[in-house]
Number of protein chains: 2
Amino acid sequence: MTDRSVPPPADAGGAAEQTGVGGAAGAEPATARGEAAGAEPATARGEQTRKLILDTAMRLFRERGYAQTTMRAVAKEAGVAVGNAYYYFGSKEHLIQEFYAETLVEHRTRAARVLATETGFAERLRGVLHAGVDTMTPSHEFAASFFKTAAEPTSPLSPFSTESSPTRDASIALFREALTGSTAKVDPELRDELPELLWLAYMGVILYWVYDRSPDQTKTRALINGAVPLIDRLVGLSRLRVLRPVTRDVLGLIRTLRQ
Amino acid sequence: MTDRSVPPPADAGGAAEQTGVGGAAGAEPATARGEAAGAEPATARGEQTRKLILDTAMRLFRERGYAQTTMRAVAKEAGVAVGNAYYYFGSKEHLIQEFYAETLVEHRTRAARVLATETGFAERLRGVLHAGVDTMTPSHEFAASFFKTAAEPTSPLSPFSTESSPTRDASIALFREALTGSTAKVDPELRDELPELLWLAYMGVILYWVYDRSPDQTKTRALINGAVPLIDRLVGLSRLRVLRPVTRDVLGLIRTLRQ
DNA sequence: CCGCCGTGTCGAACACGTTCAACTTCCCGT
DNA sequence: ACGGGAAGTTGAACGTGTTCGACACGGCGG
């Protein structure tokens, strides 16, 4: 079920400016950055309560949408007090982090089916991209409603945030596999950077998908089907003499902009 | 790297506030879609109150940031009741629409200075892009804080929304002028669509800019300075025999995806 | 002069996300 | 066996954006 969404380019980072409420729930507790995080359950009962709250929240999010689901409703439905939810999750947004993980797992599973059989780069890339959209499709409405939250630069839910980096790296690995497992011949200099660029393109697809109002998001499918051959051709052409300097410049720029 | 093409201040003398939107007033409210908009003032007193609220809000937004500025603070500072603000503006977000208009006006002014002198496509494009960033720079923090609300697909603040289309079209026109006023030779088929693509690239630059945490957003400047020559070269190469089919495919895809 | 009604104005009230001090539960060392 | 304290839990309370019924203003027809 579910998804991941997010936008653009940039560097992660993170001085929290706002109310300073952020929070890191899932990952390591207490790094140097004074994040306000949810607690990591230490007992079996705690684990159970945490899961109960999370499952209830996810169910309500999908049933009613993100904005329409109140924390009070989640607590009531789960049979706990509101404050209890905040004991485990730093904020309503943090309840969504789980969403990323779930989505990644399913994306990986779906993608594996294609990667096991196809050998052409274009077909493998196409498969991974469609697998991602397939995974997110049931949550399209939900994703759109909380997309704004993920879009905020300071949000821990931003795909570029350090908090999302495990998920992000795993996602990039998926595109790396699509490339290395293929028979495509690629400029060796480009080969190292390409997976990240493909992931960036994937973010673009997701961005389009979130805004896509066409029935069943058929336009997003068209975007994938149209863009993949172009990318494939460009990658192939990158070894061409005329385009070599362009390739080189692109790579140089990417390296400069990434931090 | 770091040359900001366009000099900053334009007019001295009185605060050139100008309603900015004024011209677009012709656009009737009330389309079929029942939008929850603010009221259009019908009396002189109403106009005055509306302006008072708007100016106060913009000032506080810039002083304290978007999230830190409460509607109660705006009302109090303006000497009116909270409900009065909601009489003219449908929501807190709607107060930001003006920001777009103001930004566009200044962008246009700054860009004009470059477009009046330069003739090369690359230099003109570079000028327009830097002019845009120049315009927004004072509001970087503010922009980041409300960016999320603009990112939401259903938000009237989305750059892709129908409510933003006047501003968007005017912005695209800026890029069209950068192209048509130049000496660049472009595939005629591409010439019509290119301005919109350049605007899209501009949205990408803004996206990067919002996330840019480097001091004075120097990385965004580097992005512009690096991307412009690439775009210039690609546009030039688009007439090449090998790339003709690619160009054609790109255009076909764009046309399909645009609604 | 009166009454009317559309425009403008008010501020209490609502629902929300979030916080916090107080309470309960229950494991562990003694 | 027991008591101390960490883990877990509670719900009232705070500040927010937004809504809503009531009221004030002012010009115009009678």
Side-chain angles (χ1 to χ4, degrees), chain A residues 16 18-23 25 29 35-54 56-57 60-61 64-96 145-146 148-149 152 155-157, chain B residues 29 34-54 56-57 60-61 64-76 78-96 145-146 148-149 152 155-157:
Chain A
Q18 263 186 312
T19 34
V21 181
E35 303 270 354
E40 204 71 16
T43 74
R45 181 167 63 115
E47 191 67 56
Q48 193 173 348
T49 304
R50 191 192 132 96
K51 184 168 176 6
L52 173 65
I53 293 169
L54 184 57
T56 304
L60 294 186
F61 284 165
R64 318 176 181 177
Y66 180 72
Q68 283 68 38
T69 302
T70 74
M71 291 301 276
R72 285 170 178 80
V74 171
K76 188 174 182 182
E77 195 84 1
V80 300
V82 265
N84 205 355
Y86 282 91
Y87 180 74
Y88 293 106
F89 303 94
S91 73
K92 190 181 176 186
E93 299 182 13
H94 279 81
L95 281 165
I96 304 184
S145 69
F146 85 83
K148 59 181 248 184
T149 303
E152 187 171 40
S155 169
L157 273 70
Chain B
E35 301 274 351
E40 207 72 15
T43 76
R45 180 168 63 117
E47 192 68 56
Q48 193 173 348
T49 304
R50 190 192 136 95
K51 183 166 173 13
L52 174 64
I53 293 170
L54 185 56
T56 304
L60 293 186
F61 285 165
R64 318 176 182 177
Y66 180 72
Q68 284 68 37
T69 302
T70 73
M71 291 298 278
R72 283 170 180 80
V74 171
K76 188 174 183 182
V80 300
V82 265
N84 204 356
Y86 282 91
Y87 180 74
Y88 293 105
F89 303 93
S91 73
K92 189 181 176 185
E93 298 183 12
H94 278 81
L95 280 166
I96 306 183
S145 68
F146 86 81
K148 58 181 246 184
T149 64
E152 187 172 39
S155 168
L157 272 75

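Bear in mind that the values here come from a model prediction, so they are computed numbers and not experimental data. Order of the sequence lines sets the chain letters (A, B, ...), proteins ahead of strands, with each chain counted from 1.
Comparing B:Ala81 and A:Thr69 against DNA chain C, the residue whose closest nucleotide sits nearer the 5' end is B:Ala81.
If you take CD of B:Glu47 and P of C:dT7, they are 14 Å apart, rounded to a whole angstrom. Following rounding to the nearest Å, A:Tyr66 (OH) and C:dC16 (C1') show an atom-to-atom distance of 12 Å. In this entry the distance linking OH of A:Tyr86 with P of C:dT19 reads 7 Å, nearest Å. Taking atom CD1 on B:Ile53 and atom P on C:dG8, their separation rounds to 11 Å, with Å as the unit. Between the NZ atom of A:Lys92 and the P atom of C:dG17 there is a distance of 4 Å, given to the nearest Å. Residue B:Arg45 contributes atom CZ, which lies 12 Å from atom C1' of C:dC10 at whole-angstrom precision. Put simply, NZ on A:Lys76 is 19 Å from C1' on D:dT9, counting in whole angstrom units. Following rounding to the nearest Å, B:Met71 (CE) and C:dA13 (P) show an atom-to-atom distance of 20 Å.
Under the 3.5 Å distance criterion, the side-chain polar atoms of A:Thr69 are matched with a main-chain donor or acceptor of A:Leu60. Judged by distance alone, the side chain of A:Lys76 and the main-chain N or O of A:Ala81 form no donor-acceptor pair under 3.5 Å.
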### Task
Could you check A:Tyr88 against A:Leu54 for side chain to side chain contact (heavy atoms under 4.5 Å, CB included), going step by step and ending with a plain yes or no?
CA-CA 9 Å; A:Tyr88 293 106; A:Leu54 184 57; over 6 Å; no

### Task
Show the numbers, then the answer: is there a side chain to side chain contact (heavy atoms under 4.5 Å, CB included) between A:Met71 and A:Tyr86?
CA-CA 9 Å; A:Met71 291 301 276; A:Tyr86 282 91; 3.4 Å; yes

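Residue A:Gly46 is in sugar-phosphate contact alone, with no base atom involved, counting any heavy-atom pair closer than 4.0 Å across all strands shown. Residue B:Tyr88 is classed as a sugar-phosphate contact, given heavy-atom separations below 4.0 Å to backbone atoms only.
A sub-4.0 Å separation between OP1 or OP2 of C:dG8 and a side-chain N or O of B:Thr43 is present. A sub-4.0 Å separation between OP1 or OP2 of C:dG8 and a side-chain N or O of B:Asn84 is absent. Between B:Thr70 and the phosphate of D:dG15, there is no side-chain N or O to OP1/OP2 separation shorter than 4.0 Å. One finds no side-chain N or O of A:Thr49 lying less than 4.0 angstrom from the OP1 or OP2 phosphate oxygen of D:dG8. Dashed line: the shortest gap from a side-chain N or O of A:Tyr87 to OP1 or OP2 of D:dG8 is under 4.0 Å.
Between the side chain of B:Arg72 and the base of D:dG17, a donor-acceptor pair under 3.5 Å is found.
For B:Ala42, whose side chain is taken as the heavy atoms from C-beta onward, the closest listed nucleotide among C:dG8, C:dG17, C:dC10 is C:dG8. Among the nucleotides C:dC10, C:dT9, D:dT18, the one closest to the side chain of B:Val82 is D:dT18.
Annotation: cation-pi pair A:Lys92/A:Tyr66 present, NZ/CZ under 6.0 Å from the ring centroid and within 45° of its normal.
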